[in-house]
Amino acid sequence: MKLRRAFYARPCLEVATALIGKYLVHRIGRRQLCGRIVETEAYIGQEDQACHARFGATKRARVLFGPPGHAYVFLIYGMYDCFNVVCEAEGRPAAVLVRAVEPGPGVEGKTDGPGKLCRAMHLSRAHNQLDLTTGHVWIEDRGEPAPRIAATPRIGVDYAGEWADKPWRLVDATSTRLSRKLSAAPG
DNA sequence: GACCGGATTATG
DNA sequence: ATAATCCGGTCA
């Protein structure tokens with residue numbers, strides 16, 4: 001079933017973890033594109049120097065300060081879109097970036113990266129601020145058991161000082177479709 | 001109004 | 001290792 005507002009109105013890391021194994025769905029007319037989420041990243045608050053809310057509620061980051069359960073989609077490097085879901089209480093800026101999904105029926109192209117999955121699922125900045133509890137893009141729970149989760153540092157945020165080291169990237173540890181392979185476990 | 005650099009990807 | 005490519009944020 002479709003995730004409701006209460007799901008998103010929780011601590012960002014909790015949401016980022018719970019989203020692994022859920023299904024991202026984009027309905028275009030009678031057509032439906034979906035993918036199983038296998039990789040996410042949490043961006044948490046103005047203190048987090050990797051989070052777009054670090055400069056406060058600017059025009060771009062304003063949606064992060066709004067109510068949970070809305071989409072935040074931004075353009076990166078002039079050519080790729082990144083899809084996030086706003087979480088935590090209104091007024092507390094935080095979001096979960098969806099970094100990889102396992103493609104479902106109807107999805108063409110690779111989905112093992114934030115830019116790639118947006119391209120394959122036809123998600124773009126046109127969906128920014130969309131309410132995921134009422135719109136034509138949503139996330140649903142299909143009642144599957146929770147996957148085994150692994151946590152790693154976030155990707156591409158080396159500029160964020162101590163915040164770059166936080167293990168806020170969550171993945172389905174058994175998935176073969178991550179944006180990067182997990183390092184071998186020590187021992 | 002100019003300048004800087006990025007939550008990426010494809011290619012060499 | 002590096003190019004592609006554009007917008008947001010900063011500082012003037």
Side-chain angles (χ1 to χ4, degrees), chain A residues 8 11-20 22 24 26 33 35-66 68-88 92-103 107-130 132 137 139 149-172 175-183:
Chain A
Y8 302 103
C12 194
L13 270 175
E14 202 174 308
V15 175
T17 303
L19 281 178
I20 304 296
K22 300 296 191 289
L24 174 62
H26 181 189
L33 304 180
R36 179 176 177 276
I37 299 171
V38 294
E39 178 173 343
T40 62
E41 275 179 0
Y43 289 85
I44 313 176
Q46 296 187 63
E47 329 80 59
D48 178 1
Q49 290 305 296
C51 180
H52 287 176
R54 65 186 179 279
F55 301 121
T58 61
K59 184 177 178 186
R60 179 175 70 162
R62 197 177 63 246
V63 61
L64 297 174
F65 289 77
H70 289 247
Y72 170 47
V73 188
F74 65 92
L75 178 70
I76 187 67
Y77 300 124
M79 39 180 75
Y80 298 104
D81 290 299
C82 290
F83 178 87
N84 305 244
V85 300
V86 175
C87 57
E88 306 219 358
R92 201 45 238 289
V96 175
L97 168 67
V98 179
R99 286 189 56 87
V101 306
E102 292 171 348
V107 177
E108 296 174 17
K110 304 207 77 176
T111 54
D112 55 345
K116 291 177 184 176
L117 80 86
C118 281
R119 194 176 51 195
M121 293 192 66
H122 299 282
L123 295 168
S124 73
R125 281 164 294 160
H127 302 97
N128 192 35
Q129 306 186 61
L130 186 70
L132 301 178
V137 176
I139 300 173
I149 306 291
T152 82
R154 294 174 292 182
I155 307 296
V157 297
D158 292 346
Y159 61 87
E162 59 178 304
W163 299 92
D165 303 324
K166 308 275 184 192
W168 289 354
R169 168 173 175 252
L170 293 314
V171 305
D172 173 341
S175 177
T176 57
R177 327 205 57 141
L178 305 178
S179 67
R180 303 200 182 176
K181 290 178 181 173
L182 290 174
S183 341

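A, B, ... follow the sequence lines: proteins, then strands. Residue 1 opens every chain. Worth knowing before you read on, the calculation uses all heavy atoms, side chains too, and leaves out hydrogens, waters and symmetry mates.
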Closest listed nucleotide, where the reference is the side chain of [X] and the choices are [options]:
X: Met79(A); options: dT9(B), dT5(C), dG6(B); result: dT5(C)
X: Phe55(A); options: dA7(B), dC6(C), dT10(C); result: dT10(C)
X: Asn84(A); options: dG9(C), dA7(B), dT9(B); result: dA7(B)
X: Leu97(A); options: dG6(B), dA7(B), dG9(C); result: dA7(B)
X: Tyr72(A); options: dT9(B), dG6(B), dA7(B); result: dA7(B)
X: Arg125(A); options: dG9(C), dT8(B), dC7(C); result: dC7(C)
X: Tyr159(A); options: dA10(B), dC7(C), dG6(B); result: dG6(B)

Rounded to the nearest angstrom, tell me the gap between atom [atom1] in [X] and atom [atom2] in [N].
X: Arg62(A); N: dG9(C); atom1: CZ; atom2: P; answer: 11 Å
X: Leu75(A); N: dT5(C); atom1: CG; atom2: C1'; answer: 9 Å
X: Phe74(A); N: dT8(B); atom1: CZ; atom2: P; answer: 7 Å
X: Tyr80(A); N: dC6(C); atom1: OH; atom2: P; answer: 12 Å
X: Arg169(A); N: dT8(B); atom1: CZ; atom2: C1'; answer: 14 Å
X: Tyr77(A); N: dC4(B); atom1: OH; atom2: C1'; answer: 13 Å
X: Ile76(A); N: dA7(B); atom1: CD1; atom2: P; answer: 4 Å
X: Asp81(A); N: dG6(B); atom1: CG; atom2: P; answer: 19 Å

Would you mind classifying the nucleic acid contact of [X] as base, sugar-phosphate or nothing, using non-hydrogen atoms under 4.0 angstrom?
X: Thr58(A); answer: sugar-phosphate
X: Arg54(A); answer: nothing
X: Arg60(A); answer: sugar-phosphate

Just so I know, are the side chains of Val101(A) and Met121(A) near enough to count as touching, which here means a heavy-atom distance under 4.5 Å? yes
Looking at [Y] and [X], is any side-chain nitrogen of the basic one under 4.0 Å from a carboxylate oxygen of the acidic one?
X: Asp81(A); Y: Arg125(A); answer: yes
X: Arg36(A); Y: Asp172(A); answer: yes
X: Arg154(A); Y: Glu41(A); answer: no

Does OP1 or OP2 of dA7(B) have a side-chain N or O of His52(A) closer than 4.0 Å? yes
Check whether any side-chain N or O of Lys116(A) sits under 4.0 Å from OP1 or OP2 of dA10(B), and answer yes or no. yes
Given the C1' atoms of dT2(C) and dG5(B), what is the spacing between them in whole Å? 15 Å
Output the pairing pattern of DNA chain C as a dot-bracket string, 5' first, Watson-Crick or G-U wobble with both distances under 3.5 Å, | for cross-strand pairs, [ ] for crossing pairs. ||||.||||||.
Between Ser175(A) and Glu102(A), does any side-chain donor sit less than 3.5 Å from a side-chain acceptor? yes
Write down the atom of Ala95(A), the atom of Leu64(A), and the distance for their closest heavy-atom approach. CB-CD2, 3.5 Å
Set of residues satisfying ring pair (Phe, Tyr, Trp, His ring centres under 6.0 Å) with respect to Tyr72(A), sequence neighbours excluded: His52(A), Phe74(A)
Is a side-chain N or O of Lys166(A) found less than 3.5 angstrom from the main chain of Glu162(A), in a donor-acceptor match? no
Are the ring of Tyr43(A) and the base ring of dA7(B) both nearer than 5.5 Å at their centres and tilted by less than 30°? yes
